[in-house]
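Worksheet for the structure shown next.
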Amino acid sequence: MRLLPPESWTFLLILAIVNAMGCIQSIRCKPKSFRESIAVLEVNSTIDPNPTSIDESSGVVLRYRTPHFRASARVLVPPIAAKETWTVGWIQACNHMEFYNKYGSTGMSSWELPDLRDGKMQAISDSDGVNYPWYGNTTETCTIVGPTKKDTKFTVRMNDNFYPSVTWGVPVSDSNLPQLTSIRRDQSFITWLVAINQASGETVVLQTIKWRMQLHIEIDPGKPLGQRAKLLEPTAQEQPQVLARNEPIPPNAMVKPNANDAQGSCREFLEDCARLP
């Protein structure tokens with residue numbers, strides 16, 4: 001076998017080293033995408049342990065305030081080389097709703113989301129109707145405008161609860177005679193931590209949380225004001241679930257209508273009372 005001269009071996013060795021360095025340099029210089037590099041450093045979600053409070057100070061309506069659902073996340077956004085704008089924040093949708101106010105043998109009133117009830121939509125946006133798809137635009141979101149040279153760290157927070165007023169008397173009646181006998185409410189929500197490119201619309205789901213709020217209040221309208229209502233089980237709510245695997249956002253959760261505007265006030269009395277659960 002013919003051997004190569006020493007100078008040829010030296011040339012081949014140098015060529016191999018250069019090629020290897022080129023490959024390593026190529027791997028190192030290949031930038032990660034925004035989707036791959038944004039990171040959630042910490043996420044927390046709770047429902048306050050206090051029970052729903054009941055306010056009977058008004059002779060016209062009963063008010064109640066449920067404990068707050070709270071979510072917070074610390075996020076790291078790496079340097080953005082391009083002239084891009086990204087918003088990171090919370091998006092929430094209602095995916096189940098039951099809300100019945102019963103007026104003894106007279107009937108009931110119910111607030112419903114018709115498209116959700118009929119299965120036409122998986123979930124309906126629960127934004128404030130102005131900043132959609134975001135739940136809000138104060139502590140709920142953070143906007144990063146590129147180019148940036150350093151990592152950006154921040155915390156986004158949101159909270160939600162129910163604080164409605166329910167009339168003591170039948171809503172469609174001119175009488176204020178107290179007839180309200182029970183309130184039942186059962187709603188479920190999905191809350192997403194999301195990053196959205198404001199120019200391209202690229203959406204990155206960073207975290208998914210599921211939570212539920214249940215309420216049952218029994219009322220004796222014959223008792224004096226201030227002594228009528230009693231909170232039944234559950235007095236403490238199930239704690240939210242921070243999912244290990246993210247769920248996609250249904251299209252209807254990103255646009256109007258929102259759950260607050262879409263609530264159809266469906267009041268049925270007398271013969272329709274049999275529909276009560």
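Note that the numbering runs from 1 along the sequence shown for the chain.
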Side chain to side chain donor-acceptor pair (under 3.5 Å) assessment of E218 paired with S182: CA-CA 5 Å; E218 185 180 73; S182 75; over 6 Å; no

For the student: nearest non-hydrogen atoms of P221 and L180, plus distance: CD-O, 3.6 Å

Residue pair T152, L76: steps toward the side chain to side chain contact (heavy atoms under 4.5 Å, CB included) verdict: CA-CA 6 Å; T152 304; L76 183 149; over 6 Å; no

Beyond-backbone contact of V77 with W86, side-chain heavy atoms, under 4.5 angstrom: no

Donor + acceptor pair across side chains of E140, T138 (<3.5 Å): yes

Backbone of E202 reached by a side-chain donor or acceptor of S200 within 3.5 Å: yes

Minimum-distance pair of heavy atoms, taken over all atoms of D186 and R212: OD2-NH2, 2.8 Å

Side chain T141, main chain G89, donor-acceptor under 3.5 Å: no

Side chain D220, main chain G222, donor-acceptor under 3.5 Å: yes

Chi angles and distances behind the side chain to side chain contact (heavy atoms under 4.5 Å, CB included) call for L193, V75: CA-CA 10 Å; L193 179 66; V75 182; 4.1 Å; yes

R228 (side chain) donor-acceptor with K223 (main chain) under 3.5 angstrom: yes

Distance-minimising heavy-atom pair for V242 and I209: CG2-CG1, 4.2 Å

Extract all donor-acceptor atom pairs below 3.5 Å that involve side chains of residues 153-164 and protein atoms in other chains or at least two apart in sequence.
residue: D160; atom: OD1; partner: Y135; partner atom: OH; Å: 2.9
residue: D160; atom: OD2; partner: Q92; partner atom: NE2; Å: 2.9
residue: N161; atom: ND2; partner: T66; partner atom: O; Å: 3.1

Closest non-hydrogen atom pair, Q237 against P67: CG-CG, 4.0 Å

Nearest atoms (heavy-atom pairs only) where L116 meets C94: CD2-O, 3.7 Å

Check: T208/E247 side-chain N/O donor and acceptor closer than 3.5 Å: no

Donor + acceptor pair across side chains of H96, E98 (<3.5 Å): yes

4.5 Å side-chain heavy-atom contact, W211 and I190: no

Donor-acceptor contact below 3.5 Å, side chain W168 vs main chain V61: yes

Heavy-atom closest contact (S57 atom, R63 atom, distance): OG-NH1, 4.3 Å

Short side-chain to backbone donor-acceptor contact, E56 and Q227, under 3.5 Å: yes

Derivation of the side chain to side chain contact (heavy atoms under 4.5 Å, CB included) call for N197 and F34: CA-CA 10 Å; N197 185 308; F34 185 91; over 6 Å; no

Any side-chain donor near an acceptor of the partner, T87 and T143, under 3.5 Å: yes

Evaluation steps, side chain to side chain contact (heavy atoms under 4.5 Å, CB included), between I91 and S127: CA-CA 7 Å; I91 293 173; S127 75; over 6 Å; no

Greater than 12 external heavy atoms within 6.0 Å of Q122's CD: no

Mutual orientation of the aromatic rings belonging to F99 and W111 [parallel < 30°, tilted 30-60°, perpendicular > 60°]: tilted

